[in-house]
Amino acid sequence: MSQRPRCSHGIVVMMDGGTVFEPDAVRQLVQPFSDPGIGAVSGNVRVVNRGGLLGRWQHIEYVVGFNLDRRLFDPARCMPTVPGAIGAWHRAAPVHVGGVSEATAAEDTDLTMAIWRDGWRVVYEEKAIAWTQAPASLGALWRQRYRWCHGTLQAMWKHRGAVRQSGAAGTFGRRGLLFLLLFQVLLPLFAPLADVLSVYGMIFLDLVHVLLWSSFLLIQAVTGAYAFRLDGERLGPLWSLPFQQFGYRRLMYLVVVQSVATALSGSRLRWQCMERHGSHQEPPLSSTAGPRDWRLQSWNGVAVVVPILMGGPRTGASIR
């Protein structure tokens, strides 16, 4: 995977080992390549193992965080990551930038940023749906997100020069990298202080703090309902959203703190394998899909690749 793609097809589709595609996912994924300026396309990743509180929280995160973010990144032309779970690449794009690099722990984010800097565009195709198996334990989740976050920090530093470039590369650098810095790094670092102030306000019944926190939860709920509606998901899991803010988000903030500390110390993160637990839970059938057949079929001009690096789906917005 550290070398240039060896296939001869014009489009390369990559997927993770713990992911299955909807029957029409590949067909939908390659549609944007009718525009010759498109270098890569990100698909729509959804969590299949939604049982239990941890699975439900990750399901919410994928819909409200990752997928909604991609819908915003697309028109802003600053998509930071084509996830390893489902993504398609114009073969010329990764070949021209030297293929998949091993310089970071988030190779998909690194490659996405590299092709932006090479002048290509990266877009999102919401109809290309893949179902992925999310971590089933807190330990596995911590290891996955620690690697995601550390790798994204490495990629941001590696491609920091994009902010000085012109064209598509400069647009990505000044929008995408700035967004990641503000909302995926600095905000989580200062979030614990905001939490302390909020708890203080609620304990001493400071009306201003109580209203601010209540308004924040209301905005989160409305945003969540909107994101779920866009993805065609049931709203039921959103009942756990307030608990996610108190528990799950705090865990993600601590992951960012550890990742930043590791980056500043100069330590190198070792590659960690993702624990997979077989699930007999079948993904919900989408309204547009026909009879379910999970076998990957042959497509003219498309090569489907299952990478050797099976660390789970990775997204640049995954530091949240």
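Values below: all heavy atoms of this structure, side chains included; hydrogens, waters and symmetry mates excluded. Quick caveat: nothing in here was measured; it's all calculated off a predicted structure.
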Quick check: do M113 and K158 have side-chain heavy atoms less than 4.5 Å from each other? no

Quick one, T109 and T104 - any side-chain contact, counting heavy atoms below 4.5 Å? no

Passes side chain to side chain contact (heavy atoms under 4.5 Å, CB included), R77 versus W116? Steps please. CA-CA 9 Å; R77 300 196 173 194; W116 269 116; 4.0 Å; yes

Any donor-acceptor pair under 3.5 Å from E233 side chain to R229 backbone: no

Do the side chains of L177 and L181 get nearer than 4.5 Å, heavy atoms only? no

Heavy atoms, side chains only, cut-off 4.5 Å: are V257 and L189 in contact? yes

Strictly distance-based, threshold 3.5 Å: is any side-chain N or O of Q154 a donor or acceptor partner for the main-chain N or O of A105? yes

Tell me the closest heavy-atom pair linking A76 and T171, and the distance in Å. O-CG2, 4.0 Å

Tell me if the aromatic rings of F243 and Y248 count as close, with their centers under 6.0 Å from one another. no

Grab the two heavy atoms, one from G39 and one from A93, that are nearest each other, plus how far apart they are. O-CB, 3.9 Å

Closest contact, heavy atoms only, V47 versus A134: CG1-CB, 3.9 Å

Do H159 and D110 meet the criterion of a side-chain donor-acceptor pair at a distance under 3.5 Å? yes

Do any N or O atoms from the side chain of N67 and from the backbone of V45 form a donor-acceptor pair under 3.5 angstrom? yes

Under 6.0 Å from the CZ atom of R250, do we count more than 12 heavy atoms belonging to anything else shown? yes

Within a 6.0 Å radius of atom CZ on R160, are there more than 12 heavy atoms belonging to other residues, nucleotides or ligands? yes

Mind checking the CZ-CG spacing from R70 to D74? Nearest 0.5 Å is all I need. 11.0 Å

Value for CG (L54) from OG (S137), rounded to nearest 0.5 Å, stands at 7.5 Å

Can you measure from CG (L254) to SG (C149) and round to the nearest 0.5 angstrom? 11.5 Å

Starting at CH2 of W120, measure out to NE2 of H90 and round the result to the nearest 0.5 Å. 4.5 Å

Could you check whether any side-chain N or O of R50 sits under 3.5 Å from a backbone N or O of H59, counting only pairs where one atom can act as donor and the other as acceptor? no

Do the side chain of R71 and the main chain of A227 share a donor and acceptor less than 3.5 angstrom apart? no

Is the closest side-chain heavy-atom distance between R46 and D231 below 4.5 Å? yes

Measure the spacing between NE2 of H96 and CG of D118 and express it to the nearest 0.5 Å. 5.0 Å

Heavy-atom closest pair, residues V26 and F21: CG2-CD2, 3.8 Å

Linked, directly or transitively: M156 and L186 (ILVMFWY side chains, under 4.5 Å): yes

Please tell me whether L68 and I86 are part of a single hydrophobic cluster in this structure, the criterion being side-chain heavy atoms less than 4.5 Å apart. no

With a 3.5 Å distance limit and no angle check, can you tell me whether T81 reaches the backbone of P83 through a side-chain donor-acceptor pair? no

Check: W131 side chain, N49 main-chain N or O, donor-acceptor pair, under 3.5 Å: no

Looking at A85 and A130, what are the two nearest heavy atoms and their distance? O-CB, 4.5 Å

Tell me yes or no: between the side chains of T262 and Y146, is some donor less than 3.5 Å from an acceptor? yes

Criterion side chain to side chain contact (heavy atoms under 4.5 Å, CB included) on T132 and D16, from CA distance to verdict: CA-CA 8 Å; T132 192; D16 277 329; 5.6 Å; no

Is there a continuous path of hydrophobic side-chain contacts, each under 4.5 Å between heavy atoms, that joins M252 to L138? yes

Decide yes or no for Q220 and Q244: does some side-chain heavy atom of the first lie under 4.5 Å from some side-chain heavy atom of the second? no

Any donor-acceptor pair under 3.5 Å from H9 side chain to I11 backbone: no

Working for salt bridge (charged side-chain N to carboxylate O under 4.0 Å, His left out), residues K127 and D24: CA-CA 9 Å; K127 295 179 182 178; D24 67 339; over 6 Å; no

Taking the side chain as C-beta and beyond, is there a heavy-atom pair between T223 and Y226 under 4.5 Å? no

Is there a donor-acceptor pair under 3.5 Å between the side chain of W57 and the backbone N or O of S240? yes

Start with the C-alpha distance between T19 and M14, add both sets of side-chain angles, then the distance that settles side chain to side chain contact (heavy atoms under 4.5 Å, CB included), and finish with yes or no. CA-CA 10 Å; T19 304; M14 295 187 185; over 6 Å; no

Linking I/L/V/M/F/W/Y whenever any side-chain heavy atoms sit under 4.5 Å apart, do F73 and L182 land together? yes

Residues E61, R145: salt bridge by 4.0 Å N-O rule: yes

Before giving the answer on side chain to side chain contact (heavy atoms under 4.5 Å, CB included), spell out for E107 and L111 the whole-Å C-alpha distance, their side-chain angles and the decisive distance to 0.1 Å. CA-CA 6 Å; E107 75 287 345; L111 181 58; over 6 Å; no

Minimal heavy-atom distance between G43 and Y124, with the atoms involved, is O-CE1, 3.3 Å

dist R174:CZ -> Q165:CD (nearest 0.5 Å) comes out at 9.0 Å

State plainly whether one hydrophobic cluster holds both F66 and L230, where clusters connect Ile, Leu, Val, Met, Phe, Trp and Tyr through side-chain heavy atoms under 4.5 angstrom apart. no

Do side-chain atoms of N44 reach the backbone of I129 as a donor and acceptor pair under 3.5 angstrom? no

Tell me whether the rings of F183 and F179 are parallel (<30°), tilted (30 to 60°) or perpendicular (>60°). tilted

When you compare the side chain of D108 with that of V82, does any pair of heavy atoms fall below 4.5 Å? no

